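These notes concern the structure reproduced below.
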Amino acid sequence: MSEIRVRMAPSPSGFLHVGTARTTIYNWLFARHNRGKFVLRIEDTDTARSSREMIDAILDGIKWLGLDWDEGPYYQSERTKLYQDYARKLLETKKAYYCFCSPQELEDKRKQVVAAKGEWKYDRVCYNLSDREKEERIETSIPKAVRLFVPEGETIFSDIVYRELKKENKDLDDLVILRSDGTPTYNFACVVDDVEMRISHVIRGNDHIANTFKQVLIYKALGIIPPHFAHIPLILAKDKSKLSKRHGATSIGEFKEEGFLPEALANYITLLGWSPKEDREMLTIDQMIELFTLEEVNPANPVFDKEKLEWMNGEYIRSYNNEDLLDLIIPFLKKENLINDDIVNQRRGWLIGFVVLLKERCKTLKEFAEKGKYFFSFNYQYDPSAVKKLFNSPAAAKMLRTFWESLYPIDEFKKEKIEEFLRIQADKMQIKPSVLIHLVRLATTGVTGGPPLFDILESLDKEEVIKRIQKAEEFCRDNS
RNA sequence: GUCCCUAUCGUCUAGUCUGGCCUAGGACACCGCCCUUUCACGGCGGCGACACGAGUUCAAAUCUCGUUGGGGACGCCA
């Protein structure tokens with residue numbers, strides 16, 4: 001068997017979308033599984049909609065996911081002459097012909113036909129021109145595009161995911177392969193590049209199935225055996241419509257900002273439409289490479305379920321070692337202005353403690369900054385519904401006062417010691433320890449949930465704890 | 001409108017190609033219990049699906065046809 005070569009060919013008219021990301025992963029996994037090559041090609045023939053910024057965003061997204069490429073990126077915009085050579089070949093062999101119709105003319109005709117409830121199809125006026133008429137138009141330099149002549153019959157190809165796909169050629173019309181400005185259209189550039197790059201397997205979204213029939217026709221006209229095709233199902237949003245901006249995060253960059261780990265996202269996305277069987281879900285990249293096959297890709301379109309991605313991300317967070325995890329969290333803490341470089345350099349041990357306390361409670365990296373805000377700042381609000389229940393009486397204020405006063409004598413502010421003192425105070429007040437615990441938790445963190453209280457208090461340290469409880473005592477008094 | 005694809009719990013899926021092992025398995029979510037100062041994590045349990053209708057067969061989630069639902073494509077965009 002000849003070398004396995006696949007390619008990903010994003011068009012830089014947007015950021016790296018989850019759908020594109022998954023197609024990239026499938027291509028990459030297939031290449032690695034078969035010890036083949038993965039080529040990156042930027043389809044930027046539409047210069048008006050392409051920008052360097054988008055290209056970089058896409059490249060960064062691919063790298064962030066932990067993927068790489070063996071060749072490229074190639075840029076179609078730099079290969080115009082190549083496409084023209086191929087088009088010339090087709091003109092010479094009469095598999096293609098010049099079309100002098102202006103876009104405006106065609107649009108008018110199309111509108112007319114559609115208005116009369118007819119089926120619009122290019123009417124081949126230019127194909128039917130006499131030789132003299134053709135020469136005349138060429139001489140007067142009327143802009144001319146090149147169209148592929150679609151013969152009668154049917155076009156069939158075998159798809160690795162969808163099995164045999166068939167289409168009557170009469171349902172296709174003579175497609176433009178070279179625009180009047182000399183640039184290639186997508187289908188043509190795609191075929192020429194896949195040929196030139198010796199692509200063995202074309203793996204892309206199933207929204208390209210209709211294009212594939214046209215491309216197969218181009219291969220045939222060129223007298224070249226087409227590559228293998230594998231169309232993969234499209235990712236849908238929760239309401240089963242196409243995944244778009246209004247459904248929340250759809251670009252890889254957004255997931256990064258929300259604190260998702262690349263390996264979690266890659267793992268989850270790979271499982272949309274493919275299963276390793278044996279009820280396995282948590283897969284390392286190496287395991288995915290080993291197990292991935294295109295034949296097992298499910299042909300139906302899956303729905304993107306962010307909740308499951310969050311669960312999976314939590315699994316990855318919990319499996320991380322604390323040191324590495326902290327490094328991943330630091331940017332998020334900085335972004336919220338909770339820490340600065342001094343704290344990172346001088347209090348790393350303390351930060352590790354913070355990570356340990358929150359790691360089982362966060363599904364994303366960003367949540368460390370959200371749920372852990374009170375570790376760094378007194379700038380938090382008391383949860384209103386908790387205030388109603390707990391900070392509602394002079395008695396509560398008194399309990400808080402008794403407790404913070406009792407903290408002064410503790411010289412070693414360690415959790416065991418604090419707990420011991422709290423239990424003694426509760427006993428003296430003739431209340432259950434849990435009552436006091438809840439009060440102190442709300443006072444020192446503003447919320448009712450979170451890591452074990454005594455760990456939090458030790459982490460905050462004595463001065464800070466006393467200050468916070470004093471403030472809560474005041475609040476409590478004003479509130480009752 | 002025309003053409004193409006698709007259909008197992010709410011969601012991702014195993015099982016479908018090679019009918020019987022399926023009173024349909026797992027995961028997320030949800031609910032309950034246990035652990036526990038709280039929230040989580042973890043453990044245990046529960047809820048929950050073969051879209052519908054014909055046909056083939058001793059036997060159908062699995063094969064065939066139709067219906068319905070969903071998706072996609074119909075550009076001198078990619």
Side-chain angles (χ1 to χ4, degrees), chain A residues 9-14 43-46 48-50 76 99 101-103 106-107 110 114 117-121 143-147 159 161-163 165-168 170-173 175-187 189-190 205-214 231 233-234 236 238 240-242 268 271-282 295 298-312 314 318 357-363 371 386 419 422-423 426 432-438 440-442 445 447-454:
Chain A
S11 80
S13 52
E43 310 223 319
D44 57 350
T45 51
D46 185 3
R49 296 203 302 169
S50 304
Q76 284 188 330
C99 174
C101 304
S102 75
L106 292 169
E107 180 57 21
R110 197 189 64 85
V114 171
K117 292 207 175 107
E119 278 299 302
W120 163 250
K121 205 176 140 183
K144 55 185 191 301
V146 178
R147 279 185 193 271
D159 189 279
V161 175
Y162 290 96
R163 313 273 167 177
L165 295 174
K166 192 163 74 176
K167 186 152 190 140
E168 302 284 338
K170 66 174 167 55
D171 293 325
L172 261 14
D173 60 2
L175 56 140
V176 170
I177 57 175
L178 220 55
R179 299 184 188 105
S180 44
D181 67 358
T183 60
T185 57
Y186 164 73
N187 282 302
C190 186
N206 71 15
D207 51 338
H208 281 286
I209 288 177
N211 285 323
T212 305
F213 291 107
K214 299 175 189 172
H231 289 90
L234 247 37
L236 267 30
K238 197 139 203 156
K240 299 229 177 178
S241 69
K242 206 170 175 175
Y268 174 71
L271 256 28
L272 281 179
W274 175 77
S275 160
K277 318 262 151 88
E278 297 166 5
D279 298 330
R280 287 218 270 163
E281 291 198 304
M282 299 296 295
E295 285 81 4
N298 189 338
N301 298 336
V303 171
F304 189 87
D305 180 6
K306 197 168 180 187
E307 280 187 344
K308 184 149 184 178
L309 168 63
E310 281 168 357
W311 163 76
M312 192 168 267
R318 270 169 259 131
L357 291 179
L358 267 101
K359 151 181 214 189
E360 288 187 344
R361 297 173 169 78
C362 295
K363 291 192 172 108
K371 293 191 169 169
E419 176 164 7
L422 182 136
R423 289 187 187 277
K432 281 197 288 187
S434 61
V435 174
L436 192 52
I437 286 172
H438 292 316
V440 174
R441 180 184 289 281
L442 182 61
T445 70
V447 288
T448 55
L453 178 69
F454 303 108

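The chains referred to below are lettered A, B, ... by the order of the sequence lines, with proteins before strands, and numbering in each begins at 1. The model shown is predicted, which means the values in this text are computed figures rather than measured ones.
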**Asked** Would you say the side chains of T183(A) and D181(A) form a donor-acceptor pair under 3.5 Å?
**Response** yes
**Request:** Could you work out the separation of rU67(B) and rC30(B) based on their P atoms and round it to a whole Å?
**Result:** 40 Å
**Message:** Should the side chain of N211(A) and the base of rA78(B) be counted as holding a donor-acceptor pair, with the cut-off at 3.5 Å?
**Reply:** yes
**Prompt:** Looking only at N and O atoms, is any donor in the side chain of K308(A) or the base of rA29(B) less than 3.5 Å from an acceptor on the other one?
**Reply:** no
**Asked** At under 4.0 Å between heavy atoms, what does I177(A) touch on the DNA or RNA strands: base, sugar-phosphate, or nothing?
**Response** nothing
**Item:** rG42(B) - base-pair partner by Watson-Crick or wobble geometry, distances under 3.5 Å
**Value:** rC34(B)
**Asked** Checking only heavy atoms, does the side chain of D279(A) share a donor-acceptor pair with the base of rG25(B) at less than 3.5 Å?
**Response** yes
**Item:** Under 4.0 angstrom between K277(A) side-chain N/O and rG15(B) OP1 or OP2
**Value:** yes
**Asked** Looking across every strand, which nucleic acid part, if any, lies under 4.0 Å from K238(A) by heavy atom: base, sugar-phosphate, or nothing?
**Response** nothing
**Message:** Taking the C1' atom in each of rA78(B) and rC39(B), what is the distance between them to the nearest angstrom?
**Reply:** 48 Å
**Asked** Base, sugar-phosphate alone, or nothing: which one does C190(A) contact when heavy atoms must sit under 4.0 Å apart?
**Response** nothing
**Request:** May I ask you to say what R318(A) touches in the nucleic acid, namely base, sugar-phosphate or nothing, with a heavy-atom cut-off under 4.0 Å?
**Result:** sugar-phosphate
**Message:** Regarding P143(A), tell me which of base, sugar-phosphate or nothing describes its non-hydrogen contacts under 4.0 Å with the strands shown.
**Reply:** nothing
**Prompt:** Which base, if any, makes a Watson-Crick or G-U wobble pair with rA7(B), both distances under 3.5 Å?
**Reply:** rU68(B)
**Message:** Any side-chain N or O of K306(A) below 4.0 angstrom from OP1/OP2 of rC28(B)?
**Reply:** no
**Request:** Assign the ring pair H208(A) / Y186(A) to parallel, tilted or perpendicular, where the plane angle (0 to 90°) is split at 30° and 60°.
**Result:** tilted
**Sugar-phosphate, base or nothing in reach of K166(A), heavy atoms under 4.0 Å** = sugar-phosphate
**Item:** Base-pairing mate for rU23(B) - Watson-Crick or G-U, with both contacts under 3.5 Å
**Value:** none
**Request:** Remember a base hit wins even if backbone is also touched, and classify P299(A) as base, sugar-phosphate or nothing at under 4.0 Å, heavy atoms.
**Result:** sugar-phosphate
**Message:** For a quick check of understanding: with a heavy-atom distance under 4.0 Å over all strands, which category does L453(A) fall into, base, sugar-phosphate or nothing?
**Reply:** base
**Asked** Does any non-hydrogen side-chain atom of Y268(A) lie less than 4.5 Å from one of W311(A)?
**Response** no
**Asked** Side chains of K240(A) and V303(A): closer than 4.5 Å at any heavy-atom pair?
**Response** yes
**Fill in**
Closest to the side chain of E281(A), out of rG70(B), rA78(B), rC12(B), is rC12(B)
**Message:** With a 3.5 Å limit on both atom pairs, tell me what rU57(B) is paired to, counting Watson-Crick and G-U wobble, or say none.
**Reply:** none
**Message:** Applying a 4.0 Å non-hydrogen cut-off, can you work out what G314(A) is touching in the nucleic acid: base, sugar-phosphate, or nothing?
**Reply:** nothing
**Asked** Please give, in whole Å, the distance from rG26(B) C1' to W311(A) CH2?
**Response** 11 Å
**Request:** Once you apply the 3.5 Å cut-off to both distances, tell me the Watson-Crick or G-U wobble partner of rG1(B), or none.
**Result:** rC74(B)
**Prompt:** What integer distance in Å separates E360(A):CD from rC41(B):P?
**Reply:** 9 Å
**Asked** rC31(B) and rC41(B): how far apart are their P atoms, nearest whole angstrom?
**Response** 12 Å
**Prompt:** Using the P atom in both, what is the distance from rC22(B) to rC12(B), to the nearest Å?
**Reply:** 25 Å
**Prompt:** Quick one: is rA78(B) close enough that its OP1 or OP2 comes under 4.0 Å of any side-chain N or O from R179(A)?
**Reply:** yes
**Request:** Look at the side-chain N and O atoms of N298(A) and state whether any lies under 4.0 Å from the OP1 or OP2 oxygen of rA14(B).
**Result:** yes
**Request:** Would you indicate what A300(A) reaches in the nucleic acid, counting non-hydrogen atoms under 4.0 angstrom: base, sugar-phosphate, or nothing?
**Result:** sugar-phosphate
**Request:** To the nearest 0.5 angstrom, please state how far the CD atom of Q76(A) sits from the OG atom of S11(A).
**Result:** 9.5 Å
**Prompt:** Is there a donor on the side chain of T448(A) or the base of rC39(B) sitting less than 3.5 Å from an acceptor on the other?
**Reply:** no
